[in-house]
Amino acid sequence: MSGKQRQLDVQSAGWHSRRLGLFMARGDAMGLRPLAVVAVALLTALAGSSSIASAETQALPLAFHDGPGNVRSMCLQGQHVPIAAHLWVPSKGWGSIADTGNIWSVENVQMRKSGNVTIWTGQFSAGKNRFDYRQAARETGGTVHLSASVTSRTSAPLEGVYFVVTLPIEVFAGGQCSLSLNGVEQGSAELPVDKPPEPHLLWATGDGAEIRNADSSLVLDVGFGRKSDDFWIQDDREWGGDAYQLLFEFHDGSLPAGESASIAATLRLAGSPDKTPAHLKIYPASSRYLFDGCGGNFHYEVESPQTRHNLDTLRVAWARHVMRLRQWEPRNDNESPDVTNWEYLASRAGEGSDIERDLLLMKELQGRGAPLIATVWNLPKWLHPKPGTTLPAAAWPEALECIGSYLAYAKNQYGVEPEYFSFNEPDCGVYVLFSSRGHRDAIKKVGAHFARIGLKTRLLLGDTCTAQGGAAYALPAASDPEAMKYVGAAAFHSWGGASPSEYGEWADLAELHGLPLLVTEVGSDAGAWMFPGYIQTFGYAIDDLRNYMELLLYARPRGTLLWEYTSDYGLFDQAGSRLVPTARYWFVKHLGNLTPESAIGLETASDIDDVLFVAFRGESTSGTRYVLHVANLGATRSAQISGLPASTQTLDAVRSGPAGGMIRLPPVPVRSGTADVSLPALSLLTLSGGD
C-alpha cells in the first residue's frame, strides 16, 4: 500500500473507510468472558539500539485526532468517549456537504507541530465546491483549544460554514443539552432515547453549550469565541445517523473564491471515568492454538534505516516480501511462455538493482528462520494493464512464466525458496482481482505450475483485504480437493478490524483443514498513509494495540505480520538522523519479543471490555513459563489476576504507555495463584513467570 500506487486502494476498496473505533466495546459486559490469550517466555532485550532516541514522556491526551486533524474522540483520564468535531460547508439547499470528517473528500493534508500546537492543512470538497482548510489544536488545563479556517476555491452558492460536534446517542441518550450566550442559558432540551418526530431539538442565538449524559457522569462544555444566530442541536437518526449533532454557523451564506471564514472553539470533558477494578483469569493448562510470533511486511521503502533497525531489534517470526514483477519482466521476454529468456531476465537482477536488493533481503530473512511469503501486488503492465481487474484467460500462460521464473531464479541464484505465495488482496483487486471461484482456480493454476518447475512453494488461501464478512471468500477453494493440494496456509488482513465471530470463522476454517492461520497484514486503518504524521500519533498506536490484541484473542493465528517493518507505516518518528520510537514500536516489541517462540495461546477471561487480556505458555530448558499481556484501553484501574500456578511466586513486569516504552517495574508478588496489579490508562503491561 503507499504513494500514488495506492490510489487504487482508496478508489476500489470501500472497506477501508471503516476504522477500528477505540471506543467500540465488544462482548458481554456482565461476568467473566472466555477470551483467547497468549503466552510465555523469557523477558529479553528490552532496550533498543543506541542509534535511537529515548522515548519522550507524554501526558495523557485529552482528545485523539484523525488524519485530517478533526477530533475523533475525547479522552477522560484515559476513557474514550466518541465525541467528534469537524467542519461542514453545505451547498445551498443542503444538497451536498463538504465535510473534513469524510476522509475520502480530504486531500493534500500536511501536519506539523509548533511548540504544543499541532496544525493540519489540506483541501476538502463536495461536488464542484472545493476549499482549503487549516485546523490547529492544543491542550492545556484540561481543555482542548481548537481553531479552524476555511478558504473557498470556488464561488458556489452555500448555506454557510459550520463547526459540528457529534455526540453518540448510545452515550448521551436521556441526557440534557443547553445553549448559552455570555454564560446565560438560552434554552435546554432533553436528548431523546427514541427517535423524535421533530429532529431539531433546540435552536438559539449563543456562544456555548453544555451536554450531559443521563446520570451526569459525563459533562461536555463547548465554547466559541463569538456568538452565532444559527446554533442548534439535532437528532441525526432522521438522516440515518446514530448521533446527536451540535451545529454552530460561523459564516452565513456563500463564501466567494479566495475569501476565508475562521472560528475558535474549546472542548472540555469532565466527569467520572470508569475505573472499575478488572478481574482477569488465566487457565494455564488450556491449549487454544500455537503461536510462532510476530513478524512484518517488506514492500515500500525497504531501503530505509527503519528497516534495518527493526530487523536488529524486533524478532521476525514471519516475513512477507513483495515480488516486483514489473521490474523483473518489464516487457515480454519472448513470444513463448514455454521458453524463458534467462539472459534477459537475469539482466534485470544485476548488481545494484532493486531485484538484487530484494532477493538479498529475502535470503537474510530466510536465514533468520522466518517462514517467507512472496506476494504479487502488480503484474507487468504489458500483461495486466489495468490494475484492479481480473487477469484475462489468455494472459495466464505468460503470467505463470513470469511468476515461476522469478521464484526459480531466486532459488537457483540465491537459495531463496519461499514457503508461501499469494496475490495480495485478491478479493479487493489490489491489484489483481479474483472472484471467490477465480481465487480457487488461480490456486490450482499456480500450484500446478510450481509443481511442474520443481518449487516447494505453496499457496495462501485468502490473503484477503479484511476479515470482515468471515471466511466466505475462501470457501470455494477450501471445498475443492484439487485446489487444497497446493494450499499451505490460510490468511487475511486486519484492516478495519472485525467481530469476534468473523475472526473465529477464519480460525475454524484453518483448523478444519489443518492449516496455520496467518494475519498477513496487521493494521487498523488502511487509509492512514494519506495523512503524514498520523501513523506516528499515540491515538493510532492505541488503535493498533486493540487490533493486535483482538487478533490474538479471537483469530487464533499462527503468526501476525505488521504492515510494515519498513518506514512505510513506520514505527518511528524521524528527528534528523535519529529514530525516535513511537508507542507502536514498544507495543509491537512487547508482543513480538516478550512472547516466546512456538508459544501456546491460553484461555483467559476479563470482565472489563476495555481490558484485553491474552496469555501464552512456553517451554524452555529451564521449565515452563507464562507470559501475560494486559492492554488497558481505558482509565487507570486496578486488576486482580487469578488462576496462576500455585508454584509461581513472582512475575517480572514491563510496561509501555504515554509515559514511555518498555519500563521495567518491580516484580509482582503472587500469592496462592493470585496477583494484584495497577493498570495505568492506555497502557500495555507484560508479566512473565514460571510455574
Are side-chain heavy atoms of [X] and [Y] found at a separation under 4.5 Å?
X    : Y    : result
P516 : Y420 : yes
N547 : L551 : yes
E564 : E521 : no

Task: Main-chain N/O of G592 paired to T595 side chain as donor or acceptor, under 3.5 Å - done: no
Distance-only donor-acceptor pairs under 3.5 Å for side chains of residues 385-395, two or more places apart:
{"from": "T389", "atom 1": "OG1", "to": "H384", "atom 2": "NE2", "distance (Å)": "3.3"}
{"from": "T389", "atom 1": "OG1", "to": "K386", "atom 2": "O", "distance (Å)": "2.6"}

Open item on the list: If you count every heavy atom of other residues, nucleotides or ligands that lies below 6.0 Å from D242 atom CG, does the total exceed 12?
Closed with: no
TODO: Apply ring pair (Phe, Tyr, Trp, His ring centres under 6.0 Å) to W328 and list each qualifying residue two or more places apart in sequence or on a separate chain.
DONE: Y406, Y409
- [ ] Fit a plane to each ring of F492 and W506, take the angle between them on a 0 to 90° scale, and name the class: parallel (under 30°), tilted (30 to 60°) or perpendicular (over 60°).
- [x] tilted
Task: Qualifying salt bridge (charged side-chain N to carboxylate O under 4.0 Å, His left out) pairs, either residue in residues 528-537, two or more places apart - done: none
Open item on the list: Quick test of your reading: applying salt bridge (charged side-chain N to carboxylate O under 4.0 Å, His left out), list the pairs with at least one residue in residues 431-441, sequence neighbours left out, ordered by first then second residue.
Closed with: none
Open item on the list: One pair to check against salt bridge (Lys or Arg N to Asp or Glu O under 4.0 Å): R556 and D508. What are the steps and the verdict?
Closed with: CA-CA 9 Å; R556 312 194 300 270; D508 292 344; 2.8 Å; yes
Would a line drawn from the ring center of [X] to the ring center of [Y] be shorter than 6.0 Å?
X    : Y    : result
W529 : Y540 : no
Y300 : F298 : no
Y548 : F587 : no

Task: Pairs flagged by ring-ring contact (aromatic ring centres under 6.0 Å, His included) wherever residues 465-486 is involved - sequence neighbours left out - done: H439-Y473
Open item on the list: Going by side-chain contact (heavy atoms from CB on, under 4.5 Å), name the residues that satisfy it together with L290, two or more places apart in sequence or in a different chain.
Closed with: D292, R558, S598, I600
Open item on the list: Under a plain distance cut-off of 3.5 Å, with no hydrogens placed, do N70 and H65 share a side-chain donor-acceptor pair?
Closed with: no
